[in-house]
Amino acid sequence: MILLEEVQFWYWFIAAVIFVVIEIFAPGAVFIWLGFGATIVGGVKFFQPDLSLEYQLLIFAIMSLVSAFGWRAYRRKSPAPASDQPTLNRRGAQYVGRTFTLSEPIVNGQGKIKIDDTIWKIEGEDLEAGIRIAVIGVDGTVLRVGPADT
């Protein structure tokens with residue numbers, strides 16, 4: 001059985017790895033900061049082997065909070081740059097503004113259209129097959145369409 005007075009520096013490094021692994025599977029950025037705090041305590045404990053458990057826990061708590069709030073402050077001052085591909089993971093949004101030819105008519109405001117290798121549900125005013133349509137919006141997996149200005 002491990003006594004709390006005998007906490008070794010490598011216990012903190014193992015805890016840091018565990019926190020990082022949990023972070024991989026858990027949404028949000030919480031455990032990464034606990035992992036950072038555990039890494040700092042492991043380093044301090046390596047250079048100060050006689051450091052008491054109370055001070056280890058105090059350093060862990062302080063460094064975890066400082067790293068979390070420090071990162072938050074940094075991201076407020078320096079937000080992430082805008083993506084050069086803002087619709088990368090929003091496939092339907094990639095089609096907004098594009099025009100296509102209806103292969104099947106839109107009946108009662110609903111229809112289908114094949115775009116590339118996917119069949120999309122579409123909504124819009126009733127139109128006959130062969131008409132050019134423009135995608136004007138997306139609602140989940142349904143494309144909103146209207147007649148294209150030709």
Side-chain angles (χ1 to χ4, degrees), residues 1-102 106 109-125 127 132-150:
M1 182 170 166
I2 300 172
L3 297 175
L4 292 179
E5 292 84 31
E6 298 178 14
V7 174
Q8 302 294 317
F9 72 91
W10 54 271
Y11 293 176
W12 286 104
F13 291 136
I14 290 172
V17 169
I18 290 169
F19 284 133
V20 170
V21 168
I22 291 171
E23 180 67 34
I24 291 170
F25 295 108
V30 174
F31 291 99
I32 192 76
W33 309 121
L34 298 175
F36 180 75
T39 302
I40 297 297
V41 175
V44 170
K45 180 71 175 167
F46 179 77
F47 291 109
Q48 289 284 63
D50 58 344
L51 189 66
S52 71
L53 179 63
E54 292 83 13
Y55 284 117
Q56 292 175 51
L57 293 173
L58 181 65
I59 293 169
F60 172 70
I62 291 172
M63 293 311 299
S64 295
L65 289 172
V66 165
S67 62
F69 288 112
W71 177 255
R72 187 174 175 192
Y74 169 76
R75 293 309 283 172
R76 278 196 185 138
K77 286 185 179 181
S78 304
S83 172
D84 60 341
Q85 297 178 355
T87 61
L88 180 63
N89 290 324
R90 300 181 338 188
R91 192 165 173 208
Q94 295 175 5
Y95 297 123
V96 174
R98 291 183 55 190
T99 59
F100 303 97
T101 303
L102 277 177
I106 299 176
Q110 297 184 345
K112 295 179 185 177
I113 188 169
K114 184 171 183 178
I115 302 174
D116 299 328
D117 63 345
T118 306
I119 296 176
W120 288 85
K121 290 182 181 178
I122 57 174
E123 290 183 352
E125 61 183 81
L127 297 170
R132 298 280 297 164
I133 58 165
V135 178
I136 56 176
V138 180
D139 184 17
T141 60
V142 178
L143 301 178
R144 305 269 182 213
V145 298
D149 296 330
T150 54

Any side-chain heavy atom of [X] sitting closer than 4.5 Å to one from [Y]?
| X | Y | answer |
| --- | --- | --- |
| Val145 | Leu127 | no |
| Asp50 | Gln48 | yes |
| Thr39 | Trp12 | no |

Show the nearest heavy-atom pair for residues [X] and [Y], with the distance to one decimal.
| X | Y | value |
| --- | --- | --- |
| Leu51 | Gln56 | O-NE2, 2.9 Å |
| Ala148 | Thr99 | CB-CG2, 3.9 Å |
| Gly37 | Ser64 | CA-OG, 3.7 Å |
| Gly42 | Phe13 | C-CZ, 3.5 Å |
| Ile122 | Ile113 | CG2-CG2, 3.5 Å |

Test log, rule side-chain contact (heavy atoms from CB on, under 4.5 Å), inputs Leu34 and Phe60 = CA-CA 8 Å; Leu34 298 175; Phe60 172 70; 4.0 Å; yes
What distance do Ile62 atom CD1 and Tyr55 atom OH have between them, rounded to the nearest 0.5 Å?
-> 11.0 Å
What residues form a salt bridge (charged side-chain N to carboxylate O under 4.0 Å, His left out) with [X], not counting sequence neighbours?
| X | answer |
| --- | --- |
| Arg72 | none |
| Asp117 | Arg91 |
| Asp139 | Arg144 |

Under 3.5 Å: donor-acceptor pair, side chain of Ser78, backbone of Arg75 = no
Under 3.5 Å, side chain of Lys45 to main-chain N/O of Pro49, donor-acceptor pair present?
-> yes
In terms of ring plane angle, is the pair [X] and [Y] parallel, tilted or perpendicular, where the classes change at 30° and 60°?
| X | Y | answer |
| --- | --- | --- |
| Tyr74 | Trp71 | tilted |
| Trp120 | Tyr95 | perpendicular |
| Phe19 | Phe31 | parallel |

Using side-chain hydrogen bond (donor to acceptor under 3.5 Å, both in side chains) as the criterion, list what pairs up with Glu125, not counting sequence neighbours.
-> none
For Ile136 and Val96, what are the C-alpha separation, side-chain angles and deciding distance, and is it a side-chain contact (heavy atoms from CB on, under 4.5 Å)?
-> CA-CA 5 Å; Ile136 56 176; Val96 174; over 6 Å; no
Partner set under ring-ring contact (aromatic ring centres under 6.0 Å, His included) for Phe47, not counting sequence neighbours | none
Just jot down the ring-ring contact (aromatic ring centres under 6.0 Å, His included) partners of Phe36, sequence neighbours excluded, or say none.
-> none
